[in-house]
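Everything on this sheet refers to the single structure shown next.
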Amino acid sequence: MVSGFSGAGKGTLIDLLMKKYDSYALSVSATTRNPRPGEKDGVQYFFKTRQEFEEMIRQDAFIEYAGYVDHYYGTPRAYVEEQLRKGKDVILEIEVQGALEVKKKFPDTLLLFLTPPSAGELERRLTGRGTENREVIESRLARAAEESEFMGEYDYIVINDDLEECADNVHRLIQLQHQTSASQSEFIQKIQKELRERKEKRG
Ligand code: 5GP
């Protein structure tokens, strides 16, 4: 899971990661917010009405969902499960509440928090994007202050200064995650069994 302040560059980072490596699948979320210019239904998000979204909640179609600045955002379950079955690393780009909810359900999920080097740089990036009015920018900065309170709960903090370097770092961290003892429990059981069998044969 990749979280980070709105304007931290999560979208750009993930695009680059997907371009450089073919082991990833990106989960497309559903949201009730309006598409930004250039955004297409089914590509950046599945754009839903509030009513449609609430129906999906009732059908338990989300792994998680959360309210963020007046809108719902949620991760549809079916695609994530299908890609995991295919052996892909599935990337969820979600905000803090949702990420912590997923971590509770699936503790071996890797939690990455992406941030610009400073608050001033964050405001510059949000303003420079030019897709939001001042009021929305202010509410996103206020939300960033709240989200920063949860940074300590993430596995890694990734500073997005140089984009290429940042993508390679993130790839390395994800690869390392495959070697944690929790991710290797099947291997551990296998080698324990082999060693036990040898011991029994000898003794
Ligand atoms: P934006 O409106 O800028 O595309 O996204 C706003 C926030 O919603 C971002 O922090 C993004 O990570 C988060 N978000 C996007 N999809 C989901 C989702 O499926 N679940 C949750 N919990 N947050 C999401």
Side-chain angles (χ1 to χ4, degrees), residues 1-15 17-18 24-50 52-57 59-84 90-106 109-116 119 122-151 153-154 156-158 160 166 170:
M1 283 177 289
V2 181
S3 301
F5 311 124
S6 176
K10 297 175 299 257
T12 325
L13 168 78
I14 292 168
D15 283 350
L17 206 58
M18 302 280 296
Y24 298 115
L26 178 61
S27 159
V28 178
S29 297
T31 182
T32 56
R33 84 150 162 74
N34 292 323
R36 297 193 185 114
E39 285 185 335
K40 286 200 187 77
D41 188 43
V43 180
Q44 287 80 11
Y45 284 104
F46 295 105
F47 295 99
K48 304 282 179 196
T49 62
R50 186 163 278 267
E52 286 168 340
F53 198 101
E54 286 171 350
E55 183 53 34
M56 288 178 76
I57 297 175
Q59 292 173 355
D60 196 28
F62 293 117
I63 292 180
E64 62 73 42
Y65 67 93
Y68 178 93
V69 192
D70 299 335
H71 290 289
Y72 279 132
Y73 292 81
T75 307
R77 183 187 302 282
Y79 178 80
V80 174
E81 291 181 348
E82 179 195 325
Q83 294 301 314
L84 287 176
V90 184
I91 301 179
L92 308 188
E93 193 244 281
I94 65 182
E95 54 63 67
V96 170
Q97 266 174 274
L100 295 177
E101 196 183 319
V102 175
K103 182 81 175 178
K104 247 193 261 159
K105 282 191 211 159
F106 308 100
T109 309
L110 182 65
L111 268 185
L112 303 177
F113 195 98
L114 187 68
T115 172
L122 177 65
E123 184 164 1
R124 264 191 299 282
R125 288 187 196 176
L126 272 176
T127 314
R129 185 149 82 179
T131 51
E132 262 96 19
N133 62 36
R134 193 67 226 171
E135 198 186 325
V136 174
I137 292 172
E138 290 302 336
S139 62
R140 289 189 173 220
L141 283 171
R143 176 73 187 212
E146 286 169 26
E147 287 178 332
S148 68
E149 298 293 324
F150 295 94
M151 289 169 79
E153 301 198 34
Y154 279 68
Y156 296 98
I157 304 299
V158 181
N160 183 11
C166 187
V170 166

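Remember, it's 1-based here, ligands and their atoms both numbered in the order they're listed. Here, residue 1 is the first one in the sequence, and each next residue gets the next number.
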**Request:** Say whether Tyr73, considering both its backbone and side-chain N or O atoms, lies within less than 3.5 Å of an N or O atom on ligand 1.
**Result:** yes
**Request:** Would you mind listing which atoms of ligand 1 come within a distance below 4.0 Å of any non-hydrogen atom of Gly74?
**Result:** 18 (C), 19 (O), 20 (N)
**Prompt:** Is there a donor-acceptor pair under 3.5 Å between the side chain of Thr31 and the backbone N or O of Phe47?
**Reply:** no
**Fill in**
Under 4.0 Å between heavy atoms, the region of Met1 that gets near ligand 1 turns out to be neither
**Main-chain N/O of Leu114 paired with Asn160 side-chain donor or acceptor, under 3.5 Å** = no
**Prompt:** For ligand 1, which atoms, with element, lie under 4.0 Å from some heavy atom of Ala66?
**Reply:** 22 (N)
**Asked** Using heavy atoms and a threshold below 4.0 Å, how should the contact between Glu64 and ligand 1 be classified: side chain, backbone, both, or neither?
**Response** side chain
**Prompt:** Relative to the heavy atoms of Ser29, which atoms of ligand 1 are at a distance of less than 4.0 Å?
**Reply:** 16 (N), 17 (C), 18 (C), 19 (O)
**Asked** Where on Tyr68 is there a heavy atom closer than 4.0 Å to ligand 1, on the side chain, on the backbone, on both, or on neither?
**Response** side chain
**Message:** Among residues at least two apart in sequence or on other chains, which ones pass side chain to side chain contact (heavy atoms under 4.5 Å, CB included) with Ser148?
**Reply:** Phe5, Met151
**Message:** Taking 4.0 Å as the limit for heavy-atom contacts, which would you say applies to Gln97 with ligand 1: side chain only, backbone only, both, or neither?
**Reply:** neither
**Request:** Answer whether the closest heavy-atom distance between the side chains of Leu92 and Val90 falls below 4.5 Å.
**Result:** yes
**Complete:** The complete set of side chain to side chain donor-acceptor pair (under 3.5 Å) pairs with one or both residues in residues 34-47, sequence neighbours excluded, reads Arg33-Glu39, Arg36-Glu132
**Message:** Taking a cutoff of less than 4.0 Å between a non-hydrogen atom of the residue and any ligand atom, is Gln44 in contact with ligand 1?
**Reply:** no
**Message:** Taking the basic N atoms (NZ, or NE/NH1/NH2) and the acidic carboxylate oxygens, is any pair closer than 4.0 Å for Glu95 and Arg143?
**Reply:** yes
**Request:** Measure from atom 22 (N) of ligand 1 to every heavy atom in Glu147, Arg143, Glu95 and give the option owning the shortest one.
**Result:** Glu95
**Message:** Whether the side chain of Arg50 engages the backbone of Thr32 through a donor-acceptor N/O pair (distance < 3.5 Å, no angle test) should be reported.
**Reply:** no
**Message:** Any atom of ligand 1 sitting under 4.0 Å from a heavy atom of His71?
**Reply:** no
**Prompt:** How far is atom 12 (O) of ligand 1 from its nearest protein heavy atom, and which residue and atom name does that atom have?
**Reply:** Glu93 OE2, 2.7 Å
**Message:** Could you tell me, atom by atom, which parts of ligand 1 come under 4.0 Å of a heavy atom of Arg140?
**Reply:** 1 (P), 2 (O), 3 (O)
**Message:** Centroid separation under 6.0 Å, is that true for the rings of Phe113 and Phe150?
**Reply:** no
**Asked** Between Arg33 and ligand 1, which part of the residue brings a heavy atom under 4.0 Å of the ligand: side chain, backbone, both or neither?
**Response** side chain
**Asked** Can you tell me which residue and heavy atom of the protein come closest to atom 4 (O) of ligand 1, and the distance to 0.1 Å?
**Response** Tyr45 OH, 2.5 Å
**Item:** Arg125 (side chain) donor-acceptor with Gly9 (main chain) under 3.5 angstrom
**Value:** no
**Prompt:** Under a 4.5 Å cut-off applied to non-hydrogen side-chain atoms, are Leu111 and Leu100 in contact?
**Reply:** yes
